[in-house]
Amino acid sequence: MTDDLLDRILAYLSVESIFRASSVSKRWFSIVTSESFSWNPSNSPPQKPWYFMFTSSDEPTGCAYDPNLRKWYCIELPFIGTSNWIISSSYGLVCFMDSSRVLYMCNPITKRCKKLQEPSGLRFSDYGALAMSVDKESHGYIVAIVKSKQVPENFSQWDISIHIYKSEEETWATPLTEVLIGWRGGEESVICNGVLYFLVYFTGGVPSESRHALVAYNISGRSSQASLRRSFISVPCSLTCGRLMNMKEKLVMVGGIGKHDRPDIIKGIGIWVLHDRKWEEIVRMPHKYFQGFGEFDEVFASSGKDDLIYIQSYGSPALLTFDMKVKQWKWSQKCPVTKRFPLQLFSGFCFEPRLKIAP
């Protein structure tokens, strides 16, 4: 069979079938990952975001969950040398930043990847948050990093700087640096509708009603930006942790709800959407699902795209989904990644499986 004929046959497969076909032989892999491959997904059902789960080892392997077929697929990401990743995804691309602040951009389906240059001084930060956004028309992308570093000899002050990378220019810019008193950045951020949102954490000083706050910074340049402190948005309740996600250009937060008398102890999980700086509660996780995780720590993994949210405990490979459109909770199929020792940790991220996009 000629390559042209095989190309035409493979082009009518769904993305999950193409993913499996790519492992049949080197010839098939080269066809489905070539730039000339004319994929025609019109006969396939709408593709939901996948979830990639990995464990606390330095082996670059894990499993990806397809909610359409309720199946897991083993995936290798051979360019990653550590499990300590900060991860952001958008429109088929995934950006990884490890603890040494090395940056990679990757398509997990085609395995195409690119190492990005680093902004100056990033390796010397105490905390770094990562977010990205892909333009669906041009496939150009923006990467944003929020760097947080404690001011020497002043434990209440934190240097916050925002670094922006544009793929079309292949350059970094630092549009903002500011000192916050009593608040530090962390590792949670997302870009939504031209605005960079990130969580900050109370470190002491003037008493605060909550240990968390949300910062909104306009990276689109369409309007002037006040100071970070003035852009603080209160969180809806006392949280043990918060996870931010872009759901169809709406900011959604999944948060651990702290007990009233012990705010560091989790009693449940809620989901909220932000409207004009005010939070609207969408749902709270039913207690039977909360109990289904077994022992649930005050922090957990959660990410989402389109209408689907994934929630995962760091201490277990159990994975729960929530469909925002039909308001339905559902456990995934059992993950092949198994727990081998008591202190083993698990984490993950969701991404959109796409063939026709490259870093």
Side-chain angles (χ1 to χ4, degrees), residues 84-90 93-105 116-134 141-151 156-167 171-203 208 210-221 223-235 239 241-246 251-255 274 277 299 301-303 349:
N84 190 17
W85 306 337
I86 302 172
I87 302 161
S88 181
S89 70
S90 176
L93 293 181
V94 182
C95 189
F96 300 86
M97 181 170 69
D98 68 11
S99 56
S100 61
R101 306 302 189 237
V102 176
L103 290 157
Y104 291 93
M105 188 67 71
L116 303 183
Q117 67 180 81
E118 306 158 32
S120 60
L122 185 63
R123 293 195 179 198
F124 303 103
S125 61
D126 295 315
Y127 297 91
L130 175 70
M132 69 169 293
S133 178
V134 175
Y141 53 84
I142 291 175
V143 177
I145 297 175
V146 182
K147 186 179 84 169
S148 182
K149 182 172 176 57
Q150 197 168 40
V151 175
S156 66
Q157 295 187 357
W158 290 81
D159 260 322
I160 308 293
S161 58
I162 295 176
H163 308 263
I164 305 293
Y165 176 85
K166 295 183 178 180
S167 65
T171 57
W172 287 93
T174 306
L176 182 138
T177 58
E178 187 173 320
V179 174
L180 290 180
I181 299 175
W183 295 87
R184 66 161 177 84
E187 298 180 351
E188 194 65 32
S189 65
V190 71
I191 296 172
C192 186
N193 202 23
V195 177
L196 171 65
Y197 295 96
F198 60 95
L199 288 176
V200 291
Y201 305 82
F202 183 65
T203 62
S208 172
S210 175
R211 300 189 302 163
H212 301 77
L214 181 71
V215 177
Y217 179 77
N218 191 327
I219 60 173
S220 66
S223 61
S224 60
Q225 176 71 46
S227 69
L228 293 183
R229 188 64 184 88
R230 292 182 179 178
S231 73
F232 273 26
I233 299 171
S234 299
V235 294
L239 299 177
C241 74
R243 303 294 179 233
L244 306 176
M245 52 205 75
N246 180 339
L251 179 68
V252 171
M253 181 172 68
V254 178
L274 188 68
R277 298 177 62 85
V299 294
S302 182
S303 56
F349 60 91

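Quick caveat, the model's predicted, so the values are computed rather than measured.
A donor-acceptor pair under 3.5 Å is absent between the side-chain atoms of Thr203 and the main chain of Arg184, judged by distance alone. Using a distance-only test at 3.5 Å, with no hydrogens or angles considered, no donor-acceptor pair links the side chain of Gln157 to the main chain of Ile181. Within the 3.5 Å criterion, the main-chain N or O of Gly185 finds a donor-acceptor partner in the side chain of Ser148. In terms of modelled atom types and a separation under 3.5 Å, the side chain of Asp126 and the main chain of Gln150 share a donor-acceptor contact. Without hydrogens or angle criteria, Ser133 side chain to Ile142 main chain gives no donor-acceptor distance under 3.5 Å.
Residue Met253 holds its CE atom at 7.0 Å from CG of Leu199, rounded to the nearest 0.5 Å. To the nearest 0.5 angstrom, Ser161 atom OG is 4.0 Å from Lys147 atom NZ. Rounded to the nearest 0.5 angstrom, Leu176 CG and Ile219 CD1 are separated by 12.5 Å. A distance of 13.0 Å separates CD of Glu187 from OG of Ser88, quoted to the nearest 0.5 Å. Atoms CD1 and CE, from Ile87 and Met132 in turn, are 12.5 Å apart once rounded to the nearest 0.5 Å. Interatomic distance, CE of Met245 versus SG of Cys192, reported as 11.5 Å (0.5 Å rounding).
Side-chain atoms of Tyr217 and Ile191, non-hydrogen and from C-beta on, never get closer than 4.5 Å to each other. The shortest side-chain heavy-atom distance between Leu214 and Leu251 falls under the 4.5 Å cut-off. Using a 4.5 Å cut-off on side-chain heavy atoms (C-beta onward), Ile164 and Pro175 make contact.
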**Prompt:** Does the pair Ile233 and Leu274 meet the rule for a side chain to side chain contact (heavy atoms under 4.5 Å, CB included), with working shown?
**Reply:** CA-CA 10 Å; Ile233 299 171; Leu274 188 68; 4.1 Å; yes
**Message:** Let's go through Thr177 and Asp159 carefully: what are the C-alpha distance in whole Å and the side-chain angles of both, what is the deciding distance for side chain to side chain contact (heavy atoms under 4.5 Å, CB included) to 0.1 Å, and is it a yes or a no?
**Reply:** CA-CA 7 Å; Thr177 58; Asp159 260 322; 5.9 Å; no
**Message:** Using the rule given for side chain to side chain contact (heavy atoms under 4.5 Å, CB included), can you reason through Asn246 versus Asn193, listing the C-alpha separation, both sets of side-chain angles and the distance that settles it, and then say yes or no?
**Reply:** CA-CA 9 Å; Asn246 180 339; Asn193 202 23; over 6 Å; no
**Message:** Evaluate Leu116 against Val143 for side chain to side chain contact (heavy atoms under 4.5 Å, CB included), listing each step before the verdict.
**Reply:** CA-CA 10 Å; Leu116 303 183; Val143 177; 4.2 Å; yes
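Annotation for Val146 and Ile162: closest pair CG2-CG1, 4.4 Å, computed over non-hydrogen atoms. Between Ile145 and Met97, the shortest heavy-atom distance links the atoms CD1-SD, 3.9 Å. Counting all heavy atoms, side chain and backbone alike, Cys95 lies closest to Leu103 at SG-CD2, 4.1 Å. Taking each heavy atom of Leu244 and Ser189 in turn, the nearest pair found is CD1-CA, 4.2 Å. Minimum heavy-atom separation, Ala301 to Arg243: CA-NE, 4.4 Å. The shortest heavy-atom contact between Phe232 and Leu180 is CZ-CD1, 4.2 Å.
Classified by interplanar angle (parallel below 30°, tilted 30° to 60°, perpendicular above 60°), the ring pair Trp172/His163 is perpendicular. Aromatic ring orientation, Tyr127 versus Trp158: tilted (interplanar angle from 30° to 60°).
Trp183 has its ring centre no less than 6.0 Å from the ring centre of Tyr201.
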